[in-house]
Amino acid sequence: MDSKYNHKLYEQKITDLWEKNHISEPRDETQGQPVFSLVLPPPNANDPLHVGHAMYTIEDILVRFHRMRGDDTLWIPGADHAGIETQFVFEKKLQKQGQSRFQFDRETLYQKIWDYVQENTGVAREQLTRLGFSVDWSRFQYTLNPAIVKSVLHTFEHLQKEGLLYRDLQLVNYCTKCGTAFSDLEVKHQAAKTKLYYLKYGPFVLATTRPETKFGDTAVAVHPDDERYQHLIGQTIEVQGVNGPFRVRVIADDYVDREFGTGAVKITPLHDHNDYAVWQRHKDELPEPIQVIDYQGKMTTAAGRFAGMSVNAAREAVVAAMQELGLIDHIDDKYENQLSCCYRCGRTLEPLPKVQFFVRIKPLTKPIIKKLDAGEIKVFGAGYDKILRNWLTNLHDWNISRQIVWGIRMPMWYRVTPDSPIEVSFLTTESPKNAATQNYRIKELGDNKWLISGTLSQILPAYDLETIKAGLQTVDAPITVPYSLDIDNNQDHTHDIQETDTFDTWFSSSQWPFVTLQNTRPGDFERFYPTTVMETGYDILPFWVMRMLMMGQFETGKLPFANIYLHGLVRDSKGQKMSKSKGNVINPLEVAEKYGADSLRFALVVRSSAGQDKSIGEQDFKAARNLTNKLWNAARFVQLLSDEQKNTTGQEKTNEDFKTKINELVKQITNCLENYKPGLAADLLYDSFWHFFCDEAIENCKKGVLSPTLLRRGLLVYLKLWHPFIPFVTEQIWQEFGIINDDATILALAHWPNPSTL
RNA sequence: GGUCGCAUGGCUCAGUUGGUUAGAGCGUUCGAUUCACAUUCGAGAGGUCCUAGGUUCGAAUCCUAGUGCGACCACCA
């Protein structure tokens with residue numbers, strides 16, 4: 001053994017040893033033993049690893065511990081297609097090549113992204129292996145594997161049968177830049193200073209932050225008890241507008257806050273969630289609402305001369321026009337507002353009307369809340385049980401439709417008739433005909449390509465359905481058009497057209513624990529479901545963990561896991577969030593290269609605490625590296641004991657004391673790991689190993705008061721205790737020592753010590 | 001506005017469920033180099049455990065209030 005531990009010489013060799021011996025696969029002889037199973041939170045299929053992924057260390061520690069204990073252990077790796085994230089990255093790439101997604105039909109674009117993701121496949125596997133994570137690669141699953149997709153769709157059909165799925169026209173959170181709607185969870189609320197405009201509005205002055213939406217006003221609302229406006233309630237008033245006078249009705253609704261602004265609100269149902277709710281309550285006395293902003297974020301023809309302008313430009317133009325007409329009372333430019341922004345691109349989200357599929361949430365959350373209250377779900381992580389409860393109680397129905405191609409396409413079909421109102425857009429090389437008479441829209445893309453859009457009734461006389469389907473980009477079916485579900489795609493759809501929306505990525509992710517086990521190997525589901533624990537970052541508690549609980553319980557009748565361990569975010573040594581712009585990002589693979597995978601693992605875990613963020617920096621990796629070297633040298637000392645030294649017996653008191661201390665340590669570490677406290681376990685082990693074993697015991701052995709045989713046996717116990725945390729160096733030492741008589745030849749498969757080992 | 005968390009030596013954090021003189025890593029001061037390891041060893045300095053009450057034989061730990069940070073949620077235009 002060299003006097004220094006050089007990880008570069010051993011890590012690859014050890015990885016090969018483990019692979020050759022299939023340490024990560026469940027063994028037949030453990031069947032029937034207590035189960036310890038979990039799924040690896042699947043990384044995005046196109047992403048290289050970042051430091052957050054290195055937190056899988058916690059899972060590996062638990063897995064290695066339970067495996068050594070002889071539990072029936074399985075850790076399933078996977079990859080997530082990560083719909084919007086991946087498509088967004090790919091579109092950026094297209095942009096760099098001077099292309100855009102609108103130049104491709106749906107199928108071609110999907111194939112391009114598929115190929116792009118394929119290029120990066122294998123990277124994650126290689127990197128995870130590099131860090132020593134003992135997942136069972138033979139059971140790897142990808143969210144877009146046909147079998148997985150089938151399982152996911154099966155759940156979807158089940159939801160439909162139970163009446164938990166509905167299609168509705170609602171105001172959704174729509175990002176005009178990303179070109180898709182999102183669920184409530186993807187909305188980021190950001191404080192911002194906006195202008196609050198006080199508009200002269202017939203007999204009213206009213207306050208609004210969005211004067212550009214006034215073309216969609218269908219009412220003015222006041223509080224029913226507001227004395228100032230009693231005489232106007234129920235009246236239709238005439239209002240001077242920039243496009244000429246118009247008439248709106250004055251309604252009374254409790255929603256209005258008398259104290260805010262002037263106590264009068266303009267109601268623009270299709271561009272504000274509250275206004276939409278008010279409109280629905282007063283539907284009978286109000287006209288049909290008007291859409292003034294389209295899905296590209298441009299003003300519609302309803303805005304008259306402002307049509308085609310972007311929202312922000314229109315706002316300024318409208319205000320300027322109103323000022324000219326003397327219609328602006330005054331402007332408050334210090335107003336603090338909460339803007340709804342796209343979590344992905346940061347743009348302000350537009351509430352826009354859209355027909356989407358929703359999952360009814362209450363029936364799904366109810367049983368989970370009950371189990372949470374009954375203590376059947378254990379959450380490790382500072383206070384996150386309460387946060388989970390809060391989420392479950394306040395959750396709204398889940399919009400699962402996304403207007404992107406990268407994902408699982410919704411298995412909904414619409415019947416095509418000659419007078420169909422379904423809006424479609426498609427690419428074609430067939431030159432447009434009868435455009436003038438048929439009234440569909442044409443955009444020339446060059447290269448003999450055209451983008452055609454309009455309703456099927458407009459387009460069908462010019463193009464047959466096959467052509468439309470071949471170049472299809474989008475399908476928008478009005479709420480009045482019925483749909484049929486065909487999850488196996490085995491019906492005759494000659495006269496149908498399929499929905500182009502895809503599922504929210506989290507819809508498939510939410511089923512991960514059971515769809516994986518249903519498709520790994522026959523018998524796996526029965527053997528390993530429910531899983532033992534879900535370990536992930538607290539930041540995806542609502543997106544993922546909560547939904548897994550709901551969907552798992554719904555589909556399998558059992559919670560997908562009863563234990564939830566939430567780790568904190570990894571921050572830099574000053575406690576700051578890591579970001580590319582700050583330049584303080586840690587690349588786990590660089591650290592592993594420089595200090596060894598063990599060092600990275602140990603530094604991340606030691607003294608970490610569930611739910612609490614962890615600060616980490618160069619000095620921590622160095623300290624961890626020093627530990628691996630210390631362990632190496634302690635082993636070296638034991639190896640190099642002379643024959644004369646080996647024959648000493650030590651003093652009984654020192655020997656007994658040594659045994660007691662080690663046995664006590666085994667008890668402590670076991671207890672910590674059983675109770676999901678890897679951070680504390682690592683700390684205790686470090687302290688005991690360095691300051692007791694090295695500083696005291698080895699010195700005692702040099703003095704001849706501690707038996708060398710005992711010291712050696714003690715070291716073997718430490719190697720086992722250390723192994724889940726720093727598997728490479730411990731395994732290498734184990735190999736240097738050669739076969740241990742009554743134990744395994746591979747440390748990863750050796751037996752966990754018990755408190756009476758010594 | 002609602003929910004949750006955090007506050008412990010210069011810095012970053014543990015504190016094994018209330019139990020003797022409160023710990024670690026990094027930093028720092030002094031000393032040590034053939035003897036497993038200088039990626040080391042020995043010795044030391046450094047803490048009103050945020051504040052004020054309370055419960056208890058005993059509180060960093062439990063309760064109440066306050067202060068200061070931070071996170072998440074939220075339909076006041």
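Residue numbering restarts at 1 for every chain, and letters A, B, ... go by the order of the sequence lines. Quantities reported herein were computed from a predicted structural model and do not represent experimental measurements.
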Phosphate oxygens OP1/OP2 of [N]: is one of them under 4.0 Å from a side-chain N or O of [X]?
| X | N | answer |
| --- | --- | --- |
| A:T208 | B:A77 | no |
| A:W690 | B:C41 | yes |
| A:H7 | B:U39 | no |
| A:N394 | B:G2 | no |
| A:H189 | B:C75 | yes |
| A:K622 | B:G25 | no |

> If we ignore angles and hydrogens, is there a donor and acceptor under 3.5 Å between the side chains of A:D253 and A:H282?
Replying inline: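 Present: a donor and an acceptor within the cut-off.
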> Is the backbone N or O of A:M1 less than 3.5 Å from a side-chain atom of A:R636, with the two atoms forming a donor-acceptor pair by type?
Replying inline: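 A pair under 3.5 Å: yes.
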Can you measure [X] atom [atom1] to [N] atom [atom2] for me and round it to whole angstrom units?
| X | N | atom1 | atom2 | answer |
| --- | --- | --- | --- | --- |
| A:K574 | B:C13 | NZ | C1' | 17 Å |
| A:D184 | B:C75 | CG | P | 7 Å |
| A:K188 | B:C73 | NZ | P | 5 Å |
| A:N633 | B:U39 | CG | P | 11 Å |
| A:D613 | B:G5 | CG | P | 15 Å |
| A:K630 | B:G25 | NZ | P | 12 Å |
| A:M546 | B:U3 | CE | P | 19 Å |

So, [X] versus [Y], ring centres under 6.0 angstrom or not?
| X | Y | answer |
| --- | --- | --- |
| A:F182 | A:Y174 | no |
| A:W722 | A:F602 | yes |
| A:Y10 | A:F728 | no |

Taking the minimum atom-to-atom distance to the side chain of [X], which one of [options] wins?
| X | options | answer |
| --- | --- | --- |
| A:K677 | B:A36, B:A24, B:U17 | B:U17 |
| A:L680 | B:A24, B:U16, B:U39 | B:U16 |
| A:S609 | B:C75, B:C37, B:G15 | B:G15 |

[X] near the nucleic acid: base, sugar-phosphate alone, or nothing, with a heavy-atom cut-off under 4.0 Å?
| X | result |
| --- | --- |
| A:E699 | base |
| A:Y276 | nothing |
| A:H691 | sugar-phosphate |
| A:V606 | nothing |
| A:D620 | nothing |
| A:R636 | sugar-phosphate |
| A:A634 | base |
| A:L640 | nothing |
| A:D695 | sugar-phosphate |

>> Between A:K594 and A:E618, does any side-chain N to carboxylate O distance fall below 4.0 Å?
In response: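 Salt bridge present between A:K594 and A:E618.
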> What would the secondary structure line of RNA chain B be in dot-bracket form, counting Watson-Crick and G-U wobble pairs under 3.5 Å, with [ ] for pairs that cross earlier ones and | for pairs with another strand?
Replying inline: (((((((..((((.....[...)))).(((((.......))))).....(((((..]....))))))))))))....
>> For A:D504 and A:W398: C-alpha separation, side-chain torsions, deciding distance, then whether side chain to side chain donor-acceptor pair (under 3.5 Å) applies.
In response: CA-CA 10 Å; A:D504 179 359; A:W398 178 9; 3.0 Å; yes
Tabulate below the donor-acceptor pairs under 3.5 Å that side-chain atoms of residues 256-266 of chain A make, not counting sequence neighbours, or state none.
from	atom 1	to	atom 2	distance (Å)
A:D257	OD1	A:E259	N	2.8
A:T262	OG1	A:V205	O	2.4
A:K266	NZ	A:T213	OG1	2.8
A:K266	NZ	A:D217	OD1	3.0
A:K266	NZ	A:T268	OG1	3.1

Say we look at [N] and [M]: how far apart would their [atom1] atoms be, to the nearest angstrom?
| N | M | atom1 | result |
| --- | --- | --- | --- |
| B:U61 | B:C50 | P | 8 Å |
| B:C37 | B:G23 | C1' | 24 Å |
| B:G9 | B:U55 | C1' | 29 Å |
| B:G54 | B:A43 | P | 42 Å |
| B:A60 | B:U21 | C1' | 16 Å |

At less than 3.5 Å, do the side-chain atoms of [X] and the base atoms of [N] form a donor-acceptor pair?
| X | N | answer |
| --- | --- | --- |
| A:Q338 | B:A74 | yes |
| A:K386 | B:C4 | no |
| A:K702 | B:A36 | yes |

> When the nearest nucleotide of RNA chain B is assigned to A:K4 and to A:F260 on a heavy-atom basis, which residue is associated with the more 5' position?
Replying inline: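 Final value for this comparison: A:K4.
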> More than 12 foreign heavy atoms under 6.0 Å from NZ of A:K362: is that the case here?
Replying inline: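 More than 12 heavy atoms, drawn from other residues, nucleotides or ligands, come within 6.0 Å of this atom.
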Extract all donor-acceptor atom pairs below 3.5 Å that involve side chains of residues 567-579 of chain A and protein atoms in other chains or at least two apart in sequence.
from	atom 1	to	atom 2	distance (Å)
A:H567	ND1	A:E535	OE2	2.4
A:R571	NE	A:D613	OD2	2.6
A:R571	NH1	A:G575	O	3.3
A:R571	NH2	A:D613	OD2	2.8
A:D572	OD1	A:K574	N	2.8
A:D572	OD1	A:G575	N	3.1
A:D572	OD1	A:Q576	N	2.8
A:D572	OD2	A:N584	ND2	3.0
A:S579	OG	A:S581	OG	3.3
A:S579	OG	A:K582	N	3.2

